[in-house]
Amino acid sequence: MSASFARIDSKGRLVVPKSKREHDEIESGDLYAIDPNSPVGTITFVKVESPLLRHLAESQAEYEAGLGLTLEELADELGVALGGE
């Protein structure tokens, strides 16, 4: 496969060219993790196959969107004292 180019739009979305999506069997709804150790100027995506990792990633996204609670917030809401308090 030859080199291809992708552009980042004003909302920060990266469009993967159709030829690359077909070659790598990338489908709508697939989940990819971004390697935090990628060198500056490089983004490394790794497809998430594990159901556990998928659940963790979705939970993190929900929390970051303000749709979740921390353990402390949930305990407070339920009136449960956590150990060490």
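Values below: all heavy atoms of this structure, side chains included; hydrogens, waters and symmetry mates excluded. These figures come from a predicted structure and were not determined experimentally.
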At what distance, to the nearest 0.5 angstrom, does [atom1] of [X] lie from [atom2] of [Y]?
{"X": "T70", "Y": "E77", "atom1": "OG1", "atom2": "CD", "answer": "10.5 Å"}
{"X": "R7", "Y": "R13", "atom1": "CZ", "atom2": "CZ", "answer": "14.5 Å"}
{"X": "H23", "Y": "R21", "atom1": "NE2", "atom2": "CZ", "answer": "14.5 Å"}

Neighbour count >12 (heavy atoms, 6.0 Å) for atom CD, E73: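 Yes - once you tally the heavy atoms of other residues, nucleotides and ligands closer than 6.0 Å, there are more than 12.
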
Would [X] end up clustered with [Y] when hydrophobic side chains under 4.5 Å apart are linked, directly or stepwise?
{"X": "Y32", "Y": "V46", "result": "no"}
{"X": "V15", "Y": "I8", "result": "no"}
{"X": "V16", "Y": "F45", "result": "yes"}

D24 side chain to I26 backbone, donor-acceptor under 3.5 Å: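 No; judged by distance alone, with no hydrogens or angles, the pair does not exist.
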
Flag, side chain of S38 to backbone of T44, donor-acceptor distance under 3.5 Å: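 Yes.
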
Close side-chain approach of I34 and I43, heavy atoms under 4.5 Å: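 Sidechains of I43 and I34: in contact.
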
Closest non-hydrogen atom pair, K47 against D30: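 Between these two residues, the closest heavy atoms are NZ-OD2, 3.3 Å.
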
